[in-house]
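Below is one structure, written out as structure tokens; comments come after it.
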Amino acid sequence: MKSKKFMFIVLIFSMLVISNEKSFSQFGITKQEISNIENTGHQVQLWQILPEFTKKAEYEISIKHAAEGEKGSFYIIAWADTNNDGVPDKEIGRSNLFTAKNAGDWSSWIFKSVYDKIFVGNTWKQSDDRIYYQIDGKLEGYKGLSNKLFYSREFNGKPTQSVGPRFTNIKVSFKDIENDGFGVTEQEISNIENAGHQVQLWQILPEFTKKAEYEISIKHAAEGEKGSFYIIAWADTNNDGIPDKEIGRSNLFTAKNAGDWSSWAFKSEYDKIFVGNTWKQSDDRIYYQSGGNLKGYKGLSNKLFYSREFNGKPTQSTSPRYTNVKIKILK
């Protein structure tokens with residue numbers, strides 16, 4: 001019995017580890033760390049996240065302090081290349097100032113990115129800085145980051161100069177924004193009413209939008225015809241912020257029981273996508289909230305686009321509005 005119990009515990013632990021590895025990817029310094037410490041002569045340093053490690057995600061950047069106190073202090077930063085010339089040109093995030101109690105401490109900072117080319121690193125005010133720094137050579141296990149350093153010799157300067165190979169003690173991990181699922185994730189809506197419209201759509205926010213297959217799930221507020229609906233997807237093709245083209249529609253979903261969920265999958269190649277549902281009946285019953293907030297609501301705008309007619313164009317809008325909708329990106 002003890003042996004079986006032990007094997008069960010090992011199995012559970014292994015499943016947790018595997019699950020965590022699927023959610024997070026770690027790269028940068030993974031095995032061999034840098035021991036050399038020096039004053040580099042610059043005050044901004046950035047390395048590009050390689051394309052195969054770049055995605056719309058929440059990143060955690062960790063950098064090791066080479067000295068305690070002011071001499072080893074720094075801000076962790078993220079930049080993007082917005083004009084595709086291979087050089088960082090826009091700062092997209094900056095941490096608070098990190099100061100270590102002890103040399104060798106790590107500091108970490110989290111940011112979200114929707115950019116295709118991202119650079120991460122750190123910056124500091126002091127000219128007598130001490131940092132972990134390696135010129136030339138290789139590092140065992142170094143992956144996911146370029147070894148080409150972009151730098152500036154001035155604090156808050158633009159890191160347009162470059163040299164390589166260069167390394168520092170930096171680790172990067174990310175959690176896929178889309179793979180968690182989004183929309184209603186914690187608090188669901190309990191209010192049920194006739195909303196007075198027959199088409200409703202919410203935009204998927206830019207940082208959750210990609211060319212992919214989506215699964216949309218919506219909760220029925222009533223059984224039978226009154227709670228029935230089609231799940232729909234629209235796109236904004238002329239970039240005016242308003243849905244103008246229906247790009248997909250499910251079959252009619254009718255619930256056996258109030259509170260049942262219906263799901264539908266579709267593929268999109270569009271940059272601006274709206275999802276929701278529509279119904280024929282004027283005496284509909286739907287989960288609907290006007291105003292306020294929802295705990296855990298993410299990935300969707302709270303601005304509702306609607307039409308008061310079945311098959312009408314959802315050009316009118318109001319906010320904040322919510323329904324019980326969940327979205328997953330399948331692939």
Side-chain angles (χ1 to χ4, degrees), residues 24-30 33-34 36-50 53-82 87-134 139 141-164 166-177 207:
F24 288 84
S25 289
Q26 293 185 340
F27 51 97
I29 298 284
T30 65
E33 290 189 8
I34 298 157
N36 181 61
I37 296 173
E38 60 182 80
N39 179 309
T40 62
H42 57 254
Q43 290 176 269
V44 179
Q45 58 181 17
L46 291 168
W47 288 266
Q48 185 178 0
I49 297 177
L50 296 179
F53 288 78
T54 303
K55 61 195 311 180
K56 294 173 182 177
E58 183 176 72
Y59 289 83
E60 181 180 68
I61 314 300
S62 302
I63 299 179
K64 195 174 186 179
H65 294 268
E68 64 183 22
E70 186 181 355
K71 280 192 178 182
S73 66
F74 51 73
Y75 303 84
I76 300 177
I77 52 175
W79 283 60
D81 169 16
T82 63
V87 179
D89 54 54
K90 180 182 179 181
E91 184 173 310
I92 58 173
R94 178 180 294 217
S95 70
N96 294 325
L97 181 65
F98 291 115
T99 304
K101 289 184 179 179
N102 303 291
D105 287 350
W106 289 81
S107 287
S108 299
W109 170 66
I110 293 172
F111 76 101
K112 289 181 181 179
S113 172
V114 297
Y115 293 91
D116 294 326
K117 294 184 178 180
I118 313 166
F119 300 74
V120 294
N122 55 340
T123 183
W124 51 88
K125 289 182 180 179
Q126 65 278 14
S127 57
D128 61 343
D129 63 279
R130 305 294 287 164
I131 67 168
Y132 289 104
Y133 196 64
Q134 179 174 314
L139 285 178
Y142 186 81
K143 64 179 182 179
L145 293 178
S146 171
N147 61 19
K148 183 179 182 179
L149 169 71
F150 286 87
Y151 67 94
S152 172
R153 297 193 184 279
E154 296 180 5
F155 178 64
N156 286 333
K158 288 192 173 180
T160 54
Q161 294 176 276
S162 62
V163 66
R166 297 292 187 272
F167 306 92
T168 197
N169 285 330
I170 180 171
K171 296 177 182 179
V172 185
S173 64
F174 65 74
K175 187 177 184 183
D176 298 350
I177 290 173
E207 60 267 31

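In this chain, residues are counted from 1 in sequence order.
Contact detail for S127 and N39: the closest heavy-atom pair is O-ND2, 2.7 Å. In terms of heavy atoms, Q126 sits closest to S73 at NE2-O, 2.9 Å. Across all their heavy atoms, W109 and G93 have their closest contact at CH2-C, 3.3 Å. Here the closest non-hydrogen pair linking G121 and I63 is O-CD1, 3.5 Å. In plain terms, the two heavy atoms of I76 and S107 that are nearest each other are CD1-O, 3.6 Å. Contact between F74 and K64 at its shortest, heavy atoms only, is CE2-O, 4.1 Å.
Between the side chain of T30 and the main chain of G141, a donor-acceptor pair closer than 3.5 Å is present. Side chain of T123 to main chain of Q43: a donor-acceptor pair is present (N/O by atom type, distance under 3.5 Å, no hydrogens or angles).
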Legend entry - Chi angles and distances behind the side-chain contact (heavy atoms from CB on, under 4.5 Å) call for I49, L145: CA-CA 5 Å; I49 297 177; L145 293 178; 3.7 Å; yes

Inset, instruction - Could you walk me through whether T54 and Y59 pass side-chain contact (heavy atoms from CB on, under 4.5 Å), step by step? - result: CA-CA 10 Å; T54 303; Y59 289 83; 4.1 Å; yes

Legend entry - Check against side-chain contact (heavy atoms from CB on, under 4.5 Å), K148 and F150: CA-CA 7 Å; K148 183 179 182 179; F150 286 87; 3.9 Å; yes

Inset, instruction - Output, in order, the C-alpha distance, side-chain angles, deciding distance and verdict of side-chain contact (heavy atoms from CB on, under 4.5 Å) for N147 and Q134. - result: CA-CA 10 Å; N147 61 19; Q134 179 174 314; over 6 Å; no

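Heavy-atom contacts from other residues, nucleotides or ligands closer than 6.0 Å to CD of E70 number 12 or fewer. For N96, the CG atom sits in a loose shell: 12 or fewer heavy atoms of surrounding residues, nucleotides or ligands are nearer than 6.0 Å.
Side-chain atoms of T40 and R166, non-hydrogen and from C-beta on, never get closer than 4.5 Å to each other. Between E154 and V44 there is no side-chain heavy-atom pair separated by less than 4.5 Å. No side-chain heavy atom of F98 sits under 4.5 Å from any side-chain heavy atom of D105. The side-chain heavy atoms of I37 and Y132, taken from C-beta on, include a pair separated by under 4.5 Å. A heavy-atom distance below 4.5 Å is not found between the side chains of W47 and F167. Between L149 and H42, some side-chain heavy-atom pair lies under the 4.5 Å cut-off. Residues H65 and K101 are not in side-chain contact: their nearest non-hydrogen atoms beyond the backbone lie 4.5 Å or more apart. The shortest distance between side-chain heavy atoms of W124 and I131 falls below 4.5 Å.
In this structure, CD1 on I77 lies 10.5 Å from CD1 on I92, to the nearest 0.5 angstrom. Rounding to the nearest 0.5 angstrom, the gap separating the CD atom in E33 from the OG1 atom in T168 is 10.0 Å. Atoms CD and CD1, on E60 and I110 in that order, are 4.5 Å from each other to the nearest 0.5 Å. Atom NZ of K90 is separated from atom OH of Y115 by 3.0 Å, given to the nearest 0.5 angstrom. Interatomic distance, CD1 of I170 versus OH of Y142, reported as 7.0 Å (0.5 Å rounding). In this structure, CG in L46 is found 10.0 Å from OG in S152, a value given to the nearest 0.5 Å.
Residues K112 and E207 are not paired through a salt bridge, judged by the lack of any N-O separation under 4.0 Å between the basic side chain and the carboxylate.
Partners of T82 according to the side chain to side chain donor-acceptor pair (under 3.5 Å) rule, which considers only residues two or more places apart in sequence or in another chain, are D89.
Of the candidates K125, R94, E91, N156 forms a side chain to side chain donor-acceptor pair (under 3.5 Å) with just one, namely R94.
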